[in-house]
Amino acid sequence: MSADATSTEQPGVPWRTAMETALYGPGGFYHRPEGGPGHHFRTASSASVDFARAVLRLLAEVDELLGRPSPLMFVEMAAARGALLTAVHALARDEAPGLAARLQLVGVELADRPAIVPEEVGWVRDLADLPPVVGVLFANEWLDNVPLDAVEQTAAGPRVVLVDRAGDESLGAVPDAASLGWLERWWPQCAEGDRAEIGLPRDEAWAAAVRRTRAGLAVAADYSHDLAERTAGVHAGGTLTGYRDGRQVLPVPDGSCDITAHVAIDSVAAAGAAALPATASTLLTDQRTVLRALGVVGDRPPRELASTDPRAYLQALSSAGQRAELTAHGGLGDFGWVLHAVGVPLPASLAAAAQAR
């Protein structure tokens, strides 16, 4: 810690408050013209058009399960610059015109609607402005940016970590009862100096989102960890970090960088399931499993193509590399995915893949 933990002074505020201001307050990171995906960090939706194509295939499966409703909704939480929505819109128009005619695309985002987003795509700032979803509600790398508190274990128990605008930290009060209950269940700490991030705000945010799903699929995909990792001490130092100009940096809450923390994906899955009818089903898996089930395979093109059509070979090789990135071990492929099926069974491709995993 950069501030003396034994000091009686407690500069700064809890990390949840600091993140909220730094990311979403006036002049915050996500309100800056240069903020967000594409400039400061790479996401699955910006890595390859094959991610959008997989989403479209998932939409088509859900469409069949729902009996081809009109409209079929695709709602993206934290739509940022609208890259995924724009790609799905273009692919549906070119590759699935029958579905495209019924497809209603909506982005949920605090920032203003980007000029590049097609006029056919809806844009709302708040869940309250969203009609009940019949289709797919999709949260790709949303929850890791939902502000949360960090705690550090001391000889007297966990204490809330405070931080000032310069990133200097100190220890504050004991977490409230709800936070202590969450820690006991989902992130027990053993050694003095261990850190944890209290995922309760993410659970609440996800529960609120899935309640908007009347029928279809609610999906969250994100950087994640599970209870087995946490109890083994894999993340004993916590996961709070920052990104600026494509590089990982210290998480300084001054609005100059993205601030993120991995998602307790099993806790989120439990919260989502609890918010839905008992008849809903839940699948907890990883991105690699989902995307491969939806046809994203990073196989290299045949070498013979290099001789017969070098340009086509290079294009195919580039596409294969992008698909491999989406499913890579130690990278995007390790993302945790939570899928809740509401009023329909899980799509057959995903149910089969989960059984085979």
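Values reported hereafter were calculated over all heavy atoms of this structure, with side chains retained and with hydrogens, waters and symmetry mates removed.
- Pairing each heavy atom of Asp222 with each of Trp142, the nearest pair is OD2-N, 3.3 Å.
- A donor-acceptor pair is defined here as one N or O able to donate and one able to accept, closer than 3.5 Å; no such pair exists between the side chain of Glu76 and the backbone of Gly107.
- Note on Val161: it does not cluster hydrophobically with Val252, by side-chain heavy-atom contacts below 4.5 Å among ILVMFWY residues.
- Rounded to the nearest 0.5 Å, atoms OG1 (Thr285) and CD (Gln287) are 10.5 Å apart.
- Here the side chains of Pro147 and Tyr24 are in contact, with some heavy-atom distance below 4.5 Å.
- To the nearest 0.5 Å, the span separating CZ on Phe74 from CG on Leu103 amounts to 8.5 Å.
- Judged purely by distance below 3.5 Å, without hydrogens or angles, the side chains of Asn145 and Tyr30 pair a donor atom with an acceptor atom.
- Following chains of ILVMFWY side-chain contacts shorter than 4.5 Å, one can reach Val210 starting from Leu284, so the two form part of one hydrophobic cluster.
- Inter-residue side-chain proximity for Pro188 and Thr231 is flagged as met; some heavy-atom pair is nearer than 4.5 Å.
- Between the side chain of Thr86 and the main chain of Gly82, a donor-acceptor pair closer than 3.5 Å is present.
- One hydrophobic cluster, built from ILVMFWY side chains closer than 4.5 Å, holds both Val55 and Val344.
- The neighbour count for Glu184 CD, taken as heavy atoms of other residues, nucleotides or ligands under 6.0 Å away, does not exceed 12.
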>> Set out, in order, the CA-CA distance, both residues' side-chain angles and the distance that settles ring pair (Phe, Tyr, Trp, His ring centres under 6.0 Å) for Phe138 and Trp337, then state yes or no.
In response: CA-CA 10 Å; Phe138 194 71; Trp337 278 56; 5.6 Å; yes
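- Side chain to side chain, Glu192 and Thr154 fail the donor-acceptor criterion of an N or O pair below 3.5 Å.
- Smallest separation of non-hydrogen atoms from Arg57 and Leu294: NH1-O, 2.7 Å.
- Arg16 has no carboxylate O lying under 4.0 Å from a charged side-chain N of Glu20, or vice versa, which leaves the two without a salt bridge.
- Atom CG of residue Leu143 and atom CG of residue Asp203 lie 9.0 Å apart, to the nearest 0.5 angstrom.
- Distance alone, capped at 3.5 Å, places no donor-acceptor pair between the Thr213 side chain and the Val133 backbone.
- Here the straight-line distance linking atom CG of Leu59 with atom CD of Glu64 works out to 12.0 Å at 0.5 Å rounding.
- The two atoms that bring Arg202 and Val146 nearest to each other are NE-O, 2.7 Å, heavy atoms only.
- In terms of the side chain to side chain contact (heavy atoms under 4.5 Å, CB included) criterion, residue partners of Leu91 (sequence neighbours excluded) are, by chain and number, Val49, Ala52, Arg53, Leu56, Glu95.
- The closest side-chain heavy-atom distance from Val117 to Leu85 is not below 4.5 Å.
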> Does the pair Leu171 and Val160 meet the rule for a side chain to side chain contact (heavy atoms under 4.5 Å, CB included), with working shown?
Replying inline: CA-CA 6 Å; Leu171 296 185; Val160 174; over 6 Å; no
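- A heavy-atom distance below 4.5 Å is found between the side chains of Leu58 and Leu217.
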>> As a quick check of understanding, evaluate side chain to side chain contact (heavy atoms under 4.5 Å, CB included) for Ser256 and Arg244, giving each step before the final call.
In response: CA-CA 7 Å; Ser256 67; Arg244 182 191 299 117; 2.9 Å; yes
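- Rounded to the nearest 0.5 Å, atoms SG (Cys257) and CD (Gln248) are 10.5 Å apart.
- Under the 4.5 Å side-chain criterion, counting only non-hydrogen atoms from C-beta, Met19 is in contact with Leu148.
- The two residues Pro118 and Arg113 make their nearest non-hydrogen contact at O-NH2, 2.6 Å.
- Residues Ala150 and Leu240 come closest through the heavy atom pair CB-CD1, 4.0 Å.
- Side-chain contact between Asp149 and Ser179: absent, with no pair of heavy atoms (C-beta onward) separated by less than 4.5 Å.
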>> For a side chain to side chain contact (heavy atoms under 4.5 Å, CB included) check, start with the C-alpha distance between Leu23 and Asp258, then their side-chain angles and the critical distance, and finish with the verdict.
In response: CA-CA 7 Å; Leu23 295 179; Asp258 183 35; 3.8 Å; yes
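- Side-chain N or O atoms of Arg102 include one that pairs as donor or acceptor with a backbone N or O of Pro69 at under 3.5 Å.
- In this structure, Val290 and Leu350 have side chains that are in contact, with non-hydrogen atoms separated by less than 4.5 Å.
- A donor-acceptor pair under 3.5 Å is formed between the side chain of Gln189 and the backbone N or O of Asp194.
- The distance from atom CD of Glu197 to atom CH2 of Trp15, rounded to the nearest 0.5 Å, is 10.0 Å.
- In the hydrophobic clustering of ILVMFWY residues, with side-chain heavy atoms under 4.5 Å counting as a link, Leu227 and Leu283 come out apart.
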> Can Val108 and Asp126 be said to form a side chain to side chain contact (heavy atoms under 4.5 Å, CB included), step by step?
Replying inline: CA-CA 6 Å; Val108 182; Asp126 192 272; over 6 Å; no
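- The side-chain heavy atoms of Glu141 and Phe335, taken from C-beta on, include a pair separated by under 4.5 Å.
- Of the possible donor and acceptor atoms, none in the side chain of Thr282 sits under 3.5 Å from a partner among the backbone N and O of His340.
- Residue Phe29 is grouped with residue Leu110 when hydrophobic side chains (ILVMFWY) are merged at heavy-atom distances under 4.5 angstrom, including chains of intermediate members.
- Arg195 has a carboxylate O that lies under 4.0 Å from a charged side-chain N of Glu169, or vice versa, which qualifies the two as a salt bridge.
- The two residues Gly216 and Leu66 have their closest heavy-atom pair at N-CD2, 4.0 Å.
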>> For a salt bridge (Lys or Arg N to Asp or Glu O under 4.0 Å) check, start with the C-alpha distance between Arg185 and Asp266, then their side-chain angles and the critical distance, and finish with the verdict.
In response: CA-CA 11 Å; Arg185 180 179 180 186; Asp266 40 6; over 6 Å; no
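- Taking the ring centroids of His225 and Trp186, they lie at or beyond the 6.0 Å cut-off.
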